Protein chains: 2
Amino acid sequence: MSTPSETKILKQFGATLRAERLKAELSQEALAELADLDRTYVGGVERGERNISVLNIVRLAKALGIPPGNLLKNV
Amino acid sequence: MSTPSETKILKQFGATLRAERLKAELSQEALAELADLDRTYVGGVERGERNISVLNIVRLAKALGIPPGNLLKNV
DNA sequence: GTGTGACTTCTAGTCCGTT
DNA sequence: GAACGGACTAGAAGTCACA
């Protein structure tokens, strides 16, 4: 949760999430609301500062209309 | 983390993990060691009792030699 | 070799705000 | 709109003894 390799994984996940969110033309705020999560939390995840859990990965994926596995594409 | 639909997701994830572990012909114990996790923790995830985080998903996937996204295939 | 309950520590996740 | 901070609560992480 703080080793360099873990940081890399979280950053990569966050980058993928951000890319998908932008592709869907949503603001962090809008995505957060769709996924029923806090806006500051979504921001933290995109910045690679949070170790998100499966249930929330699925929530975000559903809100984005993509398969959850896609968010792990580049990790 | 306790609604029926969430339970379903966790159980499905656990089932996929178990299937991949068996395909790799590993015991929970062996997989746990490869992933540097506790044996009882892995068991709990397979039974759908734990809402695992990304980092641990990646650890398990690496230990299994599969892309992390595969574990979310059926959720 | 696996399931289960119980437990502690640490962080996920929320809510308030400011830059 | 997004980054960032503080303070807080729910829950994940991690381990153990026993069946």
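For clarity, every value in this text was computed on a predicted model and none was experimentally measured. Keep in mind that the numbers below use all heavy atoms, side chains included, and drop hydrogens, waters and symmetry copies. Quick note on labels: first sequence line is chain A, next is B, and so on, each numbered from 1.
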So CG of A:Leu22 and CD of A:Gln28: to nearest 0.5 Å the spacing works out to 9.0 Å
B:Glu49 CD to D:dA13 C1', in whole Å, measures 15 Å
In the structure I gave you, are the side-chain heavy atoms of A:Leu64 and A:Leu26 within less than 4.5 Å of one another anywhere? yes
What residues 15-36 of chain A contributes to the DNA chain D interface at heavy-atom separation below 4.0 Å is A:Arg18, A:Arg21, A:Ser27, A:Gln28, A:Glu29
Atom CD1 of B:Ile52 and atom C1' of D:dA13 are separated, to the nearest Å, by 10 Å
So CG of A:Leu17 and CG of A:Leu31: to nearest 0.5 Å the spacing works out to 6.0 Å
Handout entry: hbond_proxy B:Arg50 side chain to D:dA13 base (donor-acceptor, 3.5 Å cutoff)
Key = yes
Nearest heavy-atom approach of A:Ser27 to A:Ala30 is OG-N, 2.9 Å
Distance below 4.0 Å between B:Tyr41 side-chain N/O and D:dG14 OP1 or OP2
no
> Hey, does the side chain of B:Thr40 come within less than 4.0 Å of D:dG14's phosphate (OP1/OP2), counting only N and O?
Replying inline: no
In whole angstroms, the gap separating P of D:dA2 from CG of A:Leu37 amounts to 15 Å
Q.
Please confirm whether the shortest side-chain N or O distance from B:Arg47 to OP1 or OP2 of C:dG3 is below 4.0 Å.
A. yes
Within residues 63-75 of chain A, those residues having any heavy atom closer than 4.0 Å to DNA chain D are none
### Query
Do A:Arg21 and A:Glu46 come close enough that some side-chain heavy atom pair is under 4.5 Å?
yes
When rounded to the nearest 0.5 Å, the distance separating CG of A:Leu72 from CZ of A:Phe13 is 6.0 Å
From CG of A:Leu55 across to C1' of D:dA12 the rounded distance in Å is 11 Å
Whole-Å distance, A:Arg39 CZ to C:dA12 C1', equals 17 Å
Side-chain N or O of A:Asn51 closer than 4.0 Å to phosphate OP1/OP2 of C:dT11:
no
With a 4.0 Å cut-off, would you call B:Arg39 and B:Glu33 a salt bridge? no
| said: Can you confirm whether B:Arg50 sits close enough to B:Leu10 that some side-chain heavy atom of one is under 4.5 Å from a side-chain heavy atom of the other? | reply: no
Taking only side-chain nitrogens and oxygens of A:Asn56, does any of them come within less than 4.0 Å of OP1 or OP2 of C:dA12?
no
**OP:** Evaluate the side-chain proximity of B:Ile52 to B:Leu60: yes if any heavy-atom separation is below 4.5 Å, no if none is.
**Re:** yes
In whole angstroms, the gap separating P of D:dC16 from CG of B:Asp38 amounts to 7 Å
Rounded to whole Å, the CD-P distance (A:Glu46 to C:dA12) equals 16 Å
